[in-house]
Amino acid sequence: MPVINVEDLTDKDKALMEVTQLKTEVKLERWKTSKCCEEIRDYIQALVDEDTLVKGISEEKNPFKEKGGCVVC
């Protein structure tokens, strides 16, 4: 998408862009914030057992685990 310098547009072009944006926004389905928050919370809680950030990485599957020890002679 090309970059448009708004300062170079005429007032008519700016109004057309705003009307186009408003037409796009009016088509969007709107939800109450409380409903969205409940759905996000339920989704997170449903997947908490699989979440690596919550339960950590098992030692067998950890790609960053050291393969061997360091021996100093």
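FYI, the numbering just counts along the sequence from 1.
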Query raised in the report: How does the hydrophobic cluster around V54 look, that is, which other residues are in it when side-chain heavy atoms under 4.5 Å mark a link?
Result: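 In the cluster with V54 are V48.
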
Go through the structure and list residues passing side chain to side chain contact (heavy atoms under 4.5 Å, CB included) with [X], not counting sequence neighbours.
X	result
T33	C37
N5	E7, D8
D42	Q45

Requested in this report: Could you list the residues that satisfy salt bridge (charged side-chain N to carboxylate O under 4.0 Å, His left out) with E38, not counting sequence neighbours?
Outcome: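 Checked E38 against salt bridge (charged side-chain N to carboxylate O under 4.0 Å, His left out); zero matches.
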
Less than 3.5 Å apart, which donor and acceptor atoms pair up between the side chains of residues 11-30 and the rest of the protein, not counting sequence neighbours?
{"from": "D13", "atom 1": "OD2", "to": "T10", "atom 2": "OG1", "distance (Å)": "3.2"}
{"from": "T20", "atom 1": "OG1", "to": "L16", "atom 2": "O", "distance (Å)": "2.8"}
{"from": "Q21", "atom 1": "NE2", "to": "E25", "atom 2": "OE2", "distance (Å)": "2.8"}
{"from": "T24", "atom 1": "OG1", "to": "T20", "atom 2": "O", "distance (Å)": "3.0"}
{"from": "E29", "atom 1": "OE2", "to": "W31", "atom 2": "NE1", "distance (Å)": "2.8"}

Query raised in the report: Does any non-hydrogen side-chain atom of E39 lie less than 4.5 Å from one of C36?
Result: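 Not touching, per the 4.5 Å side-chain cut-off.
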
Requested in this report: Could you tell me the separation between the CD1 atom of I57 and the OG1 atom of T52, rounded to the nearest 0.5 Å?
Outcome: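 I57 CD1 to T52 OG1: 6.0 Å, rounded to 0.5 Å.
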
